[in-house]
Amino acid sequence: ATVAALGEYWVGGGKGYANMVMVTLGTGVGGGVILDGKVYAGFNFAGAELGHTVIEKDGRKCSCGRRGCWEAYSSATGLIAMTKDKILEYREKGAHTLMEKLICGDLNRISGKTAFTAAKQNDTAGREVVDMYIDYLACGIANMINIFQPEVLSIGGGICHEGDYLLTPLKERVFKEIYTKDREPKTKLVIAELGNDAGIIGAASLGW
């Protein structure tokens, strides 16, 4: 995630800015922070573990051992878990959901796309999952903006293929929660430009 941030800073969405934060949404939630043009790593080189900030006290168990980490809610793994919980909730009520049809009744076929695909077709359960996911994602991003006040916060990972369907409601919720909501200019919230190549390009920048 750190070299992905470097890639975006060097030639991607963060080009031309001295302060940026990169959030990667994959199996976990990774982070990279550039402050005054330099990577922030902390004194023990473990800084910017953004996904392991708690947003839900005593919440879902995270892979790190804590409960309620942002990663447990906003990673693809977290999204899949929320989708599964919603499908099971609807099953117990005997209610129909398009998500059930999309996975052919097999919970092992749930992916990060399942809820979004259903939501785009006006499936109530799918919309409930997507709304909840975006709420959690917005909460964590607002926290990052409040801490670092970057010029740009870039989001990467497979979930970002949802484009404006994700970004538009995300911006609305984030900008309601940030400390500087009544000031200009605000942090730019963008989808990463370099895709899966961000880490490779960022690593290459170290030897430039």
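The first residue in the sequence is number 1, and the count goes up from there.
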To the nearest 0.5 Å, what is the distance between CD1 (Ile103) and CG (Leu98)? 10.5 Å
Following the transitive rule for hydrophobic clusters with a side-chain heavy-atom cut-off under 4.5 Å over Ile, Leu, Val, Met, Phe, Trp and Tyr, establish whether Phe175 and Val23 coincide in one cluster. yes
Test item: Ile155 and Leu170 side chains (from C-beta on) under 4.5 Å apart, heavy atoms: yes
Would you kindly confirm whether Leu167 and Val190 end up in one hydrophobic cluster when ILVMFWY residues are joined by side chain heavy atoms under 4.5 Å apart? no
If you count every heavy atom of other residues, nucleotides or ligands that lies below 6.0 Å from Asn146 atom CG, does the total exceed 12? yes
Same cluster for Leu25 and Val152 if Ile/Leu/Val/Met/Phe/Trp/Tyr side chains link at under 4.5 Å? no
Looking just at side-chain N and O atoms, do Thr97 and Asp123 make a donor-acceptor pair shorter than 3.5 Å? yes
Atom NZ of Lys181: over 12 foreign heavy atoms under 6.0 Å: yes
CE-OG1 distance between Met22 and Thr2, expressed to the nearest 0.5 angstrom: 10.5 Å
Rounded to the nearest 0.5 Å, the CD1 atom of Ile34 sits from the OG atom of Ser154 at a distance of 11.0 Å
Could I get the full list of salt bridge (Lys or Arg N to Asp or Glu O under 4.0 Å) partners for Glu100, not counting sequence neighbours? Arg91
Any chain of hydrophobic side-chain contacts (each under 4.5 Å) joining Leu107 to Leu79? yes
Any donor-acceptor pair under 3.5 Å from Arg66 side chain to His52 backbone: yes
Euclidean distance, Thr124 OG1 relative to Met99 CE, rounded to 0.5 Å: 10.0 Å
Cationic N near anionic O, under 4.0 Å, Lys188 to Glu151: no
Partners of Tyr136 by ring pair (Phe, Tyr, Trp, His ring centres under 6.0 Å), sequence neighbours excluded? Tyr73
Report the C-alpha distance between Thr168 and Glu172 in whole Å, list the side-chain angles of each, state the deciding distance to 0.1 Å, and finish with yes or no for side-chain contact (heavy atoms from CB on, under 4.5 Å). CA-CA 7 Å; Thr168 299; Glu172 181 180 343; 5.7 Å; no
Can you confirm whether Phe148 sits close enough to Val33 that some side-chain heavy atom of one is under 4.5 Å from a side-chain heavy atom of the other? yes
Identify the heavy atoms of Lys186 and Thr180 that sit nearest to each other, and give their distance. CE-O, 3.9 Å
For the residue pair Ser75 and Gly26, what are the closest heavy atoms and their distance? CB-O, 3.3 Å
Has Lys120 got its NZ or CZ under 6.0 Å from the middle of the six-membered ring of Tyr165, at an angle within 45 degrees of the ring axis? yes
Cation-aromatic face contact Lys93/Tyr90, 6.0 Å, 45 degrees: yes
OH/Tyr40: more than 12 non-hydrogen atoms of other groups inside 6.0 Å: no
Is Met20 close to Leu153 at the side-chain level, that is, under 4.5 Å between some pair of heavy atoms? no
To the nearest 0.5 Å, how far apart are NZ in Lys101 and OG1 in Thr114? 14.5 Å
What is the minimum heavy-atom distance between Val130 and Ala119, and which atoms define it? CG2-CB, 3.8 Å
When you group the ILVMFWY residues by side-chain heavy-atom contacts below 4.5 Å and let the links chain together, are Val3 and Val39 in the same group? yes
Arg60 and Ala72 have their tightest heavy-atom pair at CD-O, 3.5 Å
To the nearest 0.5 Å, tell me how far Leu166 CG sits from Phe116 CZ. 5.0 Å
Is it true that the side chains of Thr187 and Gln149 contain a donor and an acceptor less than 3.5 Å apart? no
